[in-house]
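Notes for the one structure printed next.
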Amino acid sequence: MKEYRIVLLKGDGIGPEIVTEAVKVLNKTADLFDFSVIYDEADLGGIAIDKHGVPLPEETVAKCKAADSVLLGAVGGPKWDTLPGNLRPEAGLLGIRGALSLFANLRPAMIFEPLRAASPLKDEIIKGSFDIMVVRELTGGIYFGERGREEIDGIKAAYDTEMYTVPEIERIARVGFELAQKRNKKLTSVDKANVLESSRLWRETVIEISKEYPDVQLSHMYVDNCAMQLVRNPSQFDVIVTSNLFGDILSDEASMISGSIGMLASASLNDKQSGLYEPIHGSAPDIAGQGIANPLATILSVAMMLRYSLDQPKAALAIENAVNEALNVAGTPDIYTDGMRKVNCCEMGDLVCEKLVKI
Ligand code: NAD
């Protein structure tokens with residue numbers, strides 16, 4: 001029987017509540033699909049500051065590096081908001097991404113049929129459905145380039161530099177192509193090659209790499225057009241691959257067209273594909289401790305973990321199907337609509353477990 005070692009970083013706010021439900025679903029999935037999971041826990045974010053004085057203790061890094069995969073709840077909250085930047089919970093998040101060399105961030109955006117009405121897009125724009133995967137480069141580009149301030153003729157100025165190397169572009173392009181191969185075999189590379197030199201190198205490199213993936217249909221789109229196309233005709237996209245800055249903006253836009261922050265999962269991958277999985281939402285301090293948080297984004301993050309790090313695609317699909325089935329009958333307060341049973345966080349976890357079937 002296969003055995004996986006998973007580190008849980010429950011974090012702050014609703015983090016412990018939603019991770020508990022995701023673990024419940026993972027345990028039921030393991031029973032159904034004949035694998036076992038050994039859990040370890042480590043501190044990250046506000047809880048780590050309270051217990052160890054730093055947002056990312058070394059012990060947490062060591063445990064995560066040794067694991068097959070990492071599941072994160074969320075970090076942050078008002079209690080730690082006045083601390084200096086390098087001691088805030090969010091610094092722990094950036095730190096763990098760096099320590100694990102997580103260079104590829106995957107964010108799906110899709111319509112959940114029972115929540116169709118939650119999308120801000122009109123029905124005729126959604127045209128049936130959409131299922132997009134945004135692949136964002138996470139450890140290079142302008143967020144990590146040279147930056148500074150200077151004074152030119154008495155006028156204050158500041159600059160940030162966008163730089164990409166060919167190997168950095170090659171490895172993120174490969175992630176995009178390989179994902180497209182497993183989906184609808186369409187990859188859109190997004191850049192600003194009409195203006196930026198770094199984008200021209202990006203485009204040349206993606207075209208070179210495309211020769212290794214003749215079964216994937218590659219197209220290129222300028223970032224401004226892509227931002228527009230996402231709300232004009234989202235169903236044209238399958239996988240989008242782009243730089244850190246463009247991906248930051250486009251992945252938020254893409255995820256919000258599905259309408260519900262409590263539903264969206266994400267994965268951050270490294271060369272070893274071990275990866276860190278987390279919901280895209282934060283620690284929701286306004287509802288923490290009330291037991292009403294929506295655990296589905298975290299549960300869907302577990303499905304991504306099974307697909308991308310643990311090589312259990314059927315188990316991943318079973319969880320996604322169970323989530324859809326659960327939504328047909330019930331919703332947590334954030335997604336509840338007429339005709340649904342209103343359930344709390346724990347009841348939603350139980351319902352997903354109840355709907356899980358082996359495929
Ligand atoms: P947030 O995502 O925590 O909350 C925004 C709104 O969405 C709130 O009204 C919240 O109640 C609701 N919401 C979020 N997740 C929900 C869920 N699962 N179920 C039901 N409702 C949900 O964003 P915020 O309020 O801007 O940030 C709160 C804290 O989280 C801050 O400290 C911020 O820095 C941190 N944060 C952490 C992460 C992360 O850990 N990856 C991401 C974003 C924000």
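This structure is a prediction, so every number in the text was calculated from the model and none was measured. Computation of the quantities below employed the complete heavy-atom set of this structure, encompassing side-chain atoms and omitting hydrogens, waters and symmetry-equivalent molecules.
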For the side chain of [X] and the backbone of [Y], is there at least one donor-acceptor N/O pair under 3.5 Å apart?
X: Lys186; Y: Gln236; result: yes
X: Arg200; Y: Ala193; result: yes
X: Lys185; Y: Gln181; result: yes
X: Glu137; Y: Gly140; result: yes
X: Ser283; Y: Gly76; result: yes
X: Gln290; Y: Asp286; result: yes
X: Arg147; Y: Thr161; result: no
X: Thr332; Y: Cys345; result: no
X: Ser258; Y: Ile111; result: no

Atom [atom1] of [X] and atom [atom2] of [Y]: how far apart are they, to the nearest 0.5 Å?
X: Phe246; Y: Cys226; atom1: CZ; atom2: SG; value: 10.5 Å
X: Leu310; Y: Ser69; atom1: CG; atom2: OG; value: 5.5 Å
X: Asn321; Y: Ile359; atom1: CG; atom2: CD1; value: 5.5 Å
X: Asp334; Y: Asn294; atom1: CG; atom2: CG; value: 4.5 Å
X: Ile125; Y: Ser235; atom1: CD1; atom2: OG; value: 10.0 Å
X: Leu8; Y: Thr20; atom1: CG; atom2: OG1; value: 8.5 Å

Please step through side-chain contact (heavy atoms from CB on, under 4.5 Å) for the pair Ile240 and Met133, ending with a clear verdict.
-> CA-CA 6 Å; Ile240 292 174; Met133 180 69 81; over 6 Å; no

Name all pairs fulfilling the salt bridge (Lys or Arg N to Asp or Glu O under 4.0 Å) condition that reach into [range], sequence neighbours left out, sorted by first residue then second.
range: residues 6-25; result: Lys10-Glu41, Glu21-Lys24, Lys24-Asp350
range: residues 307-326; result: Arg307-Glu320
range: residues 202-218; result: Arg174-Glu212, Asp191-Arg203, Glu208-Lys211

Checking side chain to side chain contact (heavy atoms under 4.5 Å, CB included) against Asn184, which of Asp131, Val216, Asp238 comes through?
->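 Option passing the side chain to side chain contact (heavy atoms under 4.5 Å, CB included) with Asn184: Asp238.
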
[X] to [Y] - nearest heavy-atom pair and separation:
X: Gly53; Y: Leu87; value: O-CD2, 4.1 Å
X: Thr60; Y: Ala42; value: OG1-CB, 3.7 Å
X: Gly349; Y: Pro295; value: N-CG, 4.4 Å
X: Asp68; Y: Glu3; value: OD2-O, 4.0 Å
X: Asn270; Y: Gly275; value: OD1-N, 3.9 Å
X: Met305; Y: Ile6; value: SD-CD1, 3.7 Å

Count the heavy atoms of every other residue, nucleotide or ligand shown that sit under 6.0 Å from CE of Met228, and state whether that count exceeds 12.
-> yes

Greater than 12 external heavy atoms within 6.0 Å of Glu151's CD | yes

side-chain contact (heavy atoms from CB on, under 4.5 Å) between Val223 and Thr242: does it pass, once the steps are laid out?
-> CA-CA 9 Å; Val223 61; Thr242 191; 5.7 Å; no

For [X], which residues count as a side-chain hydrogen bond (donor to acceptor under 3.5 Å, both in side chains) partner, sequence neighbours excluded?
X: Lys192; answer: Asp224
X: Gln217; answer: none
X: Asp40; answer: Lys63
X: Asn27; answer: Tyr39

Step-by-step salt bridge (charged side-chain N to carboxylate O under 4.0 Å, His left out) determination, Arg149 to Asp160 = CA-CA 9 Å; Arg149 284 180 178 231; Asp160 302 273; over 6 Å; no

Residues 93-109 side chain polar contacts: donor-acceptor under 3.5 Å, at least two apart:
from: Arg97; atom 1: NH2; to: Glu278; atom 2: OE2; distance (Å): 3.3
from: Asn105; atom 1: ND2; to: Ala267; atom 2: O; distance (Å): 3.2
from: Asn105; atom 1: ND2; to: Ser268; atom 2: OG; distance (Å): 3.1
from: Arg107; atom 1: NH2; to: Ser251; atom 2: O; distance (Å): 3.2
from: Arg107; atom 1: NH2; to: Asp252; atom 2: OD1; distance (Å): 2.8
from: Arg107; atom 1: NH2; to: Ser255; atom 2: OG; distance (Å): 3.2

Hey, are the side chains of Leu71 and Val302 touching, using non-hydrogen atoms and a 4.5 Å cut-off?
-> yes

Pair listing, ring pair (Phe, Tyr, Trp, His ring centres under 6.0 Å) test, anchored in residues 190-231, at least two apart = Tyr164-Trp202, Phe177-Tyr213

Which pairs, with at least one residue in residues 124-160 and sequence neighbours excluded, count as a ring pair (Phe, Tyr, Trp, His ring centres under 6.0 Å)?
-> none

same_hphob_cluster([X], [Y]) at 4.5 Å side-chain heavy-atom cutoff:
X: Ile209; Y: Leu187; value: yes
X: Leu138; Y: Ile280; value: no
X: Val23; Y: Leu300; value: yes
X: Trp80; Y: Val75; value: no
X: Val7; Y: Val37; value: no

Set of residues satisfying salt bridge (Lys or Arg N to Asp or Glu O under 4.0 Å) with respect to Lys79, sequence neighbours excluded | Asp50

Taking only residues two or more places apart in sequence, or in another chain, which ones meet Glu113 in a salt bridge (Lys or Arg N to Asp or Glu O under 4.0 Å)?
-> Arg116

Any donor-acceptor N or O pair under 3.5 Å, side chains Gln229, Asn233 = no

Given side-chain contact (heavy atoms from CB on, under 4.5 Å), test Met263 with Val323 step by step and report yes or no.
-> CA-CA 10 Å; Met263 295 296 303; Val323 166; 4.3 Å; yes

Pi-cation contact, Phe35 with Lys2 (under 6.0 Å, within 45°) |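 Ring-cation test returns no.
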
Under the side-chain contact (heavy atoms from CB on, under 4.5 Å) rule, what do Arg341 and Leu351 come out as? Steps first, then yes or no, please.
-> CA-CA 11 Å; Arg341 180 154 55 92; Leu351 186 59; 4.0 Å; yes

